[in-house]
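We name chains A, B, ... by the order of the sequence lines, and we start the count at 1 in each one. A quick note: this is a predicted structure, and the numbers were derived from the prediction, not measured.
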Protein chains: 2
Amino acid sequence: MPRPTIDDVATLAGVSIKTVSRVVNREPNVRESTRDKVDKAIASLGYSPNPSARNLASHHARLIVLVYDDPSAYEAPSSGYIINMQEGALKACRKSGFELLIHPCNYRNKDVGKELTELIGQVRPAGIIVAAPLSNMPKIVRAISATKTPCVRLSIGSANVKEYTVATNDRDISAEMTRYLVSLGHRRIAFIRGNKQHKAVGNRFDGYRDGLQESGIAYLEKLVVDGDNSIGSGERCAEQLLKLNPRPTAIFAANDDMAAGVLRVATRLGIEVPRELSIAGCDDISLAQQLYPALTTIRQPLSAMAETASLALIDGSRGRPSAPMLETIPGSIQVRESTAPPPQ
Amino acid sequence: MPRPTIDDVATLAGVSIKTVSRVVNREPNVRESTRDKVDKAIASLGYSPNPSARNLASHHARLIVLVYDDPSAYEAPSSGYIINMQEGALKACRKSGFELLIHPCNYRNKDVGKELTELIGQVRPAGIIVAAPLSNMPKIVRAISATKTPCVRLSIGSANVKEYTVATNDRDISAEMTRYLVSLGHRRIAFIRGNKQHKAVGNRFDGYRDGLQESGIAYLEKLVVDGDNSIGSGERCAEQLLKLNPRPTAIFAANDDMAAGVLRVATRLGIEVPRELSIAGCDDISLAQQLYPALTTIRQPLSAMAETASLALIDGSRGRPSAPMLETIPGSIQVRESTAPPPQ
DNA sequence: CGGATAAATTTAAGCGCTCAAGTAACGACT
DNA sequence: AGTCGTTACTTGAGCGCTTAAATTTATCCG
């Protein structure tokens, strides 16, 4: 029971194989009635095109490469974001009959650029998606650009490179989180900044200030401290903030790990969360749901971002009008248990 | 700068393309000197075969499909195991010039079997790897078998199906964990069983009993309670166990979530871990490292399992002798902070 | 050393598709 | 009526490789 080929379809429909090809590829210049005939033949034979033959003949693979930093290279605990990206990319690929090639790689490796160049040479993908933090490394983006392969950057926060970029609205959503805390009744809202290397952090801090301003609350410098994205730094920052008098009624951390650190300190100090202190994080890592109380946080729209990026590449490979250089996908606030109105 | 083809190599080496093909595919019947010439030509041109052309000509794709349960389909929090599997499969594939096609799917969907059958028809992979829990669903395994596509099951614990299976040694390693607890000085070691649907759970319980017996410790039924794999059930079980007098000095849970529940209860009751109570889990989910104290647990060798499975399929597709029906990859005990000698 | 056998290599065909180029049919316009 | 343009299709070549069959070259044995 060999699988039907385009010839079988053409014979059954009484047309040439090129016409079948036209129908399959949704090309114009096929009469409605002919298209119907072909579609029926395809359905009755259960035909689906052989990807290898297509690729061979068309000189490019119907394939998107998704490149991301390999978490298992250094025991990174949170890998959920990768699954989310894969999910989005897969969704777009499946819809369009493309395949997804995943390529985790270690950004600390000096030869990543060369590695990617070689990979591209091998598989000739229709496009390549580069996730953060690799997407923020000019050397890597340049290496890919040099191959002329269409490339989309996935960026959390920063977006100052010339390539097509799908980014989040970190600033806006951080402002929204701040306003949400205000809406609960909070007035003394502290902020923990993270690693200054990460562009996203700056945007989140800006959003925090925006949110305060829009709510008519004065920005107080002593309510802002610097962490380095780790749980430990979150603990240190929390200790510092909770010593203040009056102490803040809410702490908004630039990422979930630091928020987890805050929660740890609060628990240790016997401060009840959320009754006495509200805590909000950012990123919605899996830990956020597993903590007790579960963390109110900002969910990054990773899946939607990857889907958008894939679709842009797929459409681009079909010669559709290439979309804008910068596309922003909004994140969303996940309200969970760690936030509540402040004590009276 | 078009990429070099087999013809270019053949011309440069002064042989026919078939000879180049022989060299590339490591086929026999090539003189050493000829092989050298070809290898040099390949190196100097930077040649690598076009996968699509190979697939087209050879009627099968150099491609392994990895099928697993889609965690994002129902907000499953722990996705680290998928990354681990992907890592192992990728390692094997890269080594052999294969590609990896990932295929998350929802096992609760009635049509998974059909979905997989169609996928196989589409891509004609060299083999397919099915991860638990799908690998334990006869309907799914049967659907794949029907396509005659080589298939390897990845199984945590159970292994009573006829297909090639890569499994863990749950029973042995659980026994080892039990002996480890005994070696710390524990004598009253409780066990929390999990969801009875999961075959692995039974094996782990058997391992617990083996470990006790090998250590010459009597099995006490009241030290064993049934959970359902959730954190909440772990809490309930812990409450029950910690009411006993004398209470157990160690609790070994059949998975990490339940162990996390135990830890939660202990903290609530003011029982210091590990000084007053040792806790051990199983699976090494990312939560295990994030808890305080970090959980001693059993790490599943997911990466190694997926690598073994991939290699078996790749070798099989090359006509190498197909390996045994059941291959067991040992897990390993991760000693962290939640276990210590019992109080005097 | 000749003929048979095995080893090394070439030749020819074709995998299933796309792409560029070509052809037929039909109107519309001068 | 003849030209042109457009639409709707067909034709033929060829993508880069593998496979099977054909051919050449090396090796063995009496």
Whole Å only: how far is the CZ atom of A:Arg22 from the P atom of D:dT7? 12 Å
Here the distance between atom C1' of C:dC15 and atom CD1 of B:Ile17, to the nearest Å, is 13 Å
So do the side chains of A:Gln300 and A:Met85 get within less than 4.5 Å of each other, counting heavy atoms only? no
Can you check the A:Lys18 NZ to C:dA24 C1' distance for me, whole Å? 18 Å
Closer than 4.0 Å, any side-chain N/O of B:Arg31 to the OP1 or OP2 of C:dA8? no
Indicate whether OP1 or OP2 belonging to C:dA8 is found under 4.0 Å from a side-chain N or O atom of B:Thr34. no
May I ask you to evaluate whether B:Ser52 reaches the phosphate of D:dG16, defined as a side-chain N or O under 4.0 Å from OP1 or OP2? no
Compare side-chain N and O positions of A:Asn29 against OP1 and OP2 of D:dC9 and report whether any pair is under 4.0 Å apart. no
Taking OP1 and OP2 of D:dT18, is either one under 4.0 Å from a side-chain nitrogen or oxygen of B:Ser58? no
Can you measure A:Lys37 atom NZ to D:dT10 atom P for me and round it to whole angstrom units? 8 Å
Is there a side-chain polar atom (N or O) of B:Thr5 under 4.0 Å from OP1 or OP2 of D:dG16? no
Would you indicate what B:Pro49 reaches in the nucleic acid, counting non-hydrogen atoms under 4.0 angstrom: base, sugar-phosphate, or nothing? sugar-phosphate
With a cut-off of 6.0 Å (strictly less than), are more than 12 heavy atoms of other residues, nucleotides or ligands near NZ of A:Lys91? no
Separation of B:Ile6 atom CD1 from D:dC15 atom P, in whole Å? 14 Å
Salt bridge check, A:Glu163 against A:Arg153: does any charged N sit closer than 4.0 Å to a carboxylate O? no
Got more than 12 heavy atoms from elsewhere within 6.0 Å of NZ, B:Lys95? yes
B:Leu56 atom CG is separated from C:dC17 atom C1', nearest whole Å, by 7 Å
Rounded to whole Å, please give me the gap between CZ in A:Arg54 and C1' in C:dG16. 11 Å
Would you kindly say whether B:Ser52 and A:Arg54 are connected by a side-chain donor-acceptor distance under 3.5 Å? no
Could you pick out which residue, A:Ser16 or A:Ala53, lies toward the 5' side of DNA chain D when each is mapped onto its nearest nucleotide? A:Ser16
Can you tell me if A:Ser21 touches the phosphate of C:dC17, counting only side-chain N or O atoms and a distance under 4.0 Å to OP1 or OP2? no
Under 4.0 Å: is that the gap between some side-chain N or O of B:Asn55 and OP1 or OP2 of D:dC17? no
Send over the distance from A:Arg35 CZ to D:dA8 C1', rounded to a whole Å. 11 Å
